[in-house]
There are 2 protein chains.
Amino acid sequence: MTKTTIEMEKAAMILKLLGDKTRLTMVKILDDSDCCVCEFVEIFQTSQPSISQHLRKLRDVGLVKEERKGQWIFYSINKDNEYYSFVESVLKQLPDQGYKLRELEKNGTRITCC
Amino acid sequence: MTKTTIEMEKAAMILKLLGDKTRLTMVKILDDSDCCVCEFVEIFQTSQPSISQHLRKLRDVGLVKEERKGQWIFYSINKDNEYYSFVESVLKQLPDQGYKLRELEKNGTRITCC
DNA sequence: TTAATATATAATAATTTGCTTATATAAGCA
DNA sequence: TGCTTATATAAGCAAATTATTATATATTAA
């Protein structure tokens with residue numbers, strides 16, 4: 001175990017960030033596979049700005065990082081983040097969300113876009 | 001491991017609840033020892049209604065329970081709660097907060113009140 | 001170059017949250 | 001019984017959060 005305890009204030013900040021269904025699901029999905037913005041828009045059936053704003057919050061604390069690939073911007077978990085192990089310990093309690101991406105593939109929405 | 005995964009929606013709800021420094025610290029403290037309201041007021045140096053309101057949120061989802069002892073009401077972790085193991089998995093990442101109660105003892109604030 | 005697509009950002013509005021102040025209730029004590 | 005202490009609750013308010021609408025930027029394709 002590489003467990004260094006996290007400060008209470010920082011822990012509360014991270015938990016608040018994860019305490020939103022959309023962001024929590026995003027992070028859980030990203031923990032398995034990189035994803036681009038339009039896929040999240042499809043998955044959550046919500047507006048693009050809303051998705052972007054959630055991603056920004058995650059990015060602002062360094063939990064996720066972005067990488068442009070042509071027209072698209074892919075997000076991925078930032079394993080170098082100081083809170084990564086704390087976040088992982090939460091994520092591993094959650095049910096797998098891989099089916100959400102598989103649904104996209106079934107719809108053809110995944111390939112079309114990314 | 002008695003790990004039954006928690007639904008995403010419920011997980012987000014619990015994380016939001018814990019995503020407040022005061023509540024997170026309360027729960028961490030209660031995980032070690034029962035505590036009464038006036039002790040929390042002392043520890044967090046804030047108003048009694050504010051403490052009561054935080055406790056109510058924790059109680060409303062069944063994370064903590066109360067027991068009256070004469071004049072005082074003691075709060076404790078509700079280990080029967082369906083989210084208990086999820087919460088525990090978070091709490092065990094956090095630094096021990098026992099020193100906060102020991103400080104009260106030093107001040108005499110713990111004994112005086114409870 | 002123009003149009004289309006993907007994304008970010010800014011401004012605004014709606015909702016939620018957390019604190020304060022005031023008040024109510026319950027128990028213990030003079 | 002009346003006073004004090006511990007706690008809860010209600011109402012009001014300011015700050016924070018989230019979603020929406022509008023607009024800007026970057027890339028690709030025609």
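Everything numeric here is computed off the predicted structure, so don't read it as measured data. Residue numbering restarts at 1 for every chain, and letters A, B, ... go by the order of the sequence lines. Just the heavy atoms: all of them, side chains too, but no hydrogens, waters or symmetry mates, feed the values below.
Looking at Lys28(B), its side chain does come within 3.5 Å of a backbone N or O of Leu91(B) through a donor-acceptor pair.
Taking each heavy atom of Thr22(B) and Phe44(B) in turn, the nearest pair found is O-CZ, 3.6 Å. For Asp20(A) against Ala12(B), the heavy-atom pair with the smallest separation is C-CB, 3.9 Å. Residues Phe40(A) and Cys35(A) come closest through the heavy atom pair CZ-CB, 3.7 Å. For the residue pair Arg23(A) and Leu17(A), the shortest heavy atom distance occurs at NE-O, 2.7 Å. The two residues Gly62(B) and Asn81(B) make their nearest non-hydrogen contact at O-ND2, 2.9 Å.
In this structure, the nucleotide among dG18(C), dT17(C), dT9(C) sitting nearest to the side chain of Lys16(B) is dT17(C).
In this structure, the CD atom of Gln45(B) is 18 Å from the C1' atom of dG18(C), given to the nearest Å. Put simply, CD on Glu42(A) is 15 Å from P on dT5(C), counting in whole angstrom units. Atom CZ of Arg56(A) and atom C1' of dT17(D) are 13 Å apart (whole Å). Between the P atom of dA19(D) and the CZ atom of Phe44(A) lies a distance of 11 Å, rounded to the nearest Å. One can place CG of Leu15(B) at 14 Å from P of dT17(C), the figure rounded to the nearest angstrom. Counting to the nearest Å, the P atom of dT27(D) and the CD atom of Glu66(A) are 12 Å from each other. Between the CZ atom of Arg23(B) and the C1' atom of dG18(C) there is a distance of 9 Å, rounded to whole Å. Remark: P of dT16(C) and NZ of Lys21(A) are 16 Å apart, rounded to the nearest angstrom.
Between His54(B) and dT17(C) there is no side-chain polar atom (N or O) within less than 4.0 angstrom of OP1 or OP2. Neither OP1 nor OP2 of dT17(C) sits under 4.0 Å from any side-chain N or O of Lys57(B).
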Intermediate values then yes/no, side-chain contact (heavy atoms from CB on, under 4.5 Å), Val41(A) and Thr46(A): CA-CA 6 Å; Val41(A) 171; Thr46(A) 184; 5.9 Å; no

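The end-to-end axis angle of the helix from dT1(C)-dA30(D) to dA30(C)-dT1(D), rounded to 10 degrees and based on five pairs per end, is 10°.
Nucleic acid contact class of Phe40(B) (heavy atoms, under 4.0 Å, all strands): none.
Residues passing the side chain to side chain donor-acceptor pair (under 3.5 Å) test with Lys21(A) are Glu9(B), sequence neighbours excluded.
Expressed to the nearest 0.5 Å, how far OG of Ser76(B) lies from CG of Leu63(B) amounts to 11.0 Å.
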Footprint string (nucleotides 20-30 of chain C, 5' to 3'): B base within contact, S backbone only, - free, heavy atoms under 4.0 Å: BBB----SS--

